[in-house]
Colleague: 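Can you keep this structure in mind? I'll have questions shortly.
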Amino acid sequence: MKRHLIIATAAAAALVAGGTVTAVAVSADGSGSARSGAPASAQPAAHDTAAAGTAQVQDGRSSIRMQDDDANGQEDRREAGAARVSAPDAAAAALKAVPGTVSGLDLDADRAGLVWEADVLGKDGKWHEVTLDAGNARVLNQHVDTDEDDDANERAALQQARTDAASAARTAASHGTVTSVDLDDDRGKAVWEVETITKDGKEHKLLVDPQSGKLSAVPAQADDDNDNDGADD
């Protein structure tokens with residue numbers, strides 16, 4: 001009886017230590033013989049543990065991506081709701097600071113708070129960037145943008161356009177609060193690209209013809225191509 005107890009205790013100790021145990025049969029008279037068979041391991045299979053860990057990481061990343069997407073949508077909606085200055089008013093304020101033609105407007109939050117960033121081709125022939133308070137249209141900063149690519153096509157499109165950035169924004173405003181206006185000359189011909197967001201958080205991308213002022217939606221395929229290029233919607 002004591003020998004049975006000793007062997008059982010040794011086997012249990014080996015299992016706790018993570019070792020490999022070989023089963024031993026003990027006869028009634030105390031003799032023992034090893035049974036043939038595969039050893040029993042106390043440790044789980046490594047690949048099973050790794051697979052479980054990978055699944056958890058992947059699930060975590062998916063959750064983070066979903067939370068990021070939700071957070072971005074909520075943030076855009078809050079910014080649009082907080083702006084007291086509309087896109088057309090921001091364009092007018094920018095032109096008071098720098099006479100010329102507005103080529104782009106973007107509502108954004110930076111260190112100064114919620115602002116409109118306006119790109120202006122000045123009458124001096126230089127590109128200017130004007131930062132305006134989105135609450136009262138006060139000019140916070142303005143400087144010549146030396147990093148702006150001097151695109152001859154964009155210059156020509158601005159000069160020939162019959163519809164300006166402010167008019168394009170007013171045309172698209174029926175589809176939500178305008179958060180961005182940009183003269184895009186990468187679609188074969190120049191067009192005003194306007195982004196809006198509705199109160200339910202849905203974003204829309206619209207096109208306004210610089211000549212006719214006609215409003216249209218961005219073709220789905222073209223929108224997908226821009227997303228794949230990493231462009232900021």
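All values below were derived from every heavy atom in this structure, side-chain atoms included, with hydrogens, water molecules and symmetry-related copies excluded.
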Colleague: Out of curiosity, L95 CG to K123 NZ, how far, rounded to the nearest 0.5 Å?
Modeller: 9.0 Å

Colleague: Heavy atoms only: give me the nearest W127-L121 pair and the separation to one decimal.
Modeller: CZ3-CB, 3.7 Å

Colleague: Applying salt bridge (charged side-chain N to carboxylate O under 4.0 Å, His left out), name anything that partners D164, two or more places apart in sequence or on another chain.
Modeller: none

Colleague: I need the D209 CG to T171 OG1 distance, nearest 0.5 Å.
Modeller: 10.5 Å

Colleague: Can you name the nearest heavy-atom pair linking V139 to L132, along with the distance?
Modeller: CG2-CD2, 3.6 Å

Colleague: What heavy-atom pair brings V208 and A168 nearest, and what distance separates the two atoms?
Modeller: CG2-O, 3.9 Å

Colleague: So which atom in L114 and which in E79 form the shortest heavy-atom distance, rounded to 0.1 Å?
Modeller: CD2-O, 3.3 Å

Colleague: Hey, could you give me the OG1/CG distance between T101 and L158, rounded to the nearest 0.5 Å?
Modeller: 6.0 Å

Colleague: Mind checking whether V115 and V130 sit in one hydrophobic cluster, side chains of I, L, V, M, F, W, Y counted as touching below 4.5 Å?
Modeller: no

Colleague: Quick one: do L206 and T196 satisfy side chain to side chain contact (heavy atoms under 4.5 Å, CB included)? Show the steps, please.
Modeller: CA-CA 8 Å; L206 306 161; T196 68; 4.2 Å; yes

Colleague: Please report the closest heavy-atom contact between H175 and T198, naming both atoms and the distance.
Modeller: O-CG2, 3.5 Å

Colleague: When you look at E129 and Q142, which way does the side chain to side chain contact (heavy atoms under 4.5 Å, CB included) test go after all the steps?
Modeller: CA-CA 6 Å; E129 184 174 293; Q142 66 180 80; over 6 Å; no

Colleague: Can you tell me if W192 uses its side chain to pair, donor with acceptor, with the backbone of T163 under 3.5 Å?
Modeller: yes

Colleague: Hey, could you give me the CG/CD distance between D185 and E193, rounded to the nearest 0.5 Å?
Modeller: 11.0 Å

Colleague: How far apart are the C-alpha atoms of N141 and H143, what are their side-chain angles, what is the distance that settles it, and do they pass the side chain to side chain contact (heavy atoms under 4.5 Å, CB included) test?
Modeller: CA-CA 7 Å; N141 185 28; H143 62 274; 3.6 Å; yes

Colleague: Dump the intermediate steps for side chain to side chain contact (heavy atoms under 4.5 Å, CB included) on V85 and D133, then the final yes or no.
Modeller: CA-CA 8 Å; V85 177; D133 190 312; over 6 Å; no

Colleague: Working to the nearest 0.5 Å, report the span between CG of D119 and CD of E154.
Modeller: 8.0 Å

Colleague: Let me confirm one number: the CZ-CG distance from R155 to L183, rounded to the nearest 0.5 Å.
Modeller: 13.0 Å

Colleague: For A82, does its backbone N or O pair with a side-chain atom of R84 as donor and acceptor, under 3.5 Å?
Modeller: yes

Colleague: I need the minimum non-hydrogen distance between V178 and A87, along with the two atoms involved.
Modeller: CG1-CB, 3.8 Å

Colleague: Could you tell me whether the side chain of S180 and the main chain of V194 form a donor-acceptor pair under 3.5 Å?
Modeller: no

Colleague: Checking the side chain of R77 only, and the main-chain atoms of K199 only, is there a donor and an acceptor separated by less than 3.5 Å?
Modeller: yes

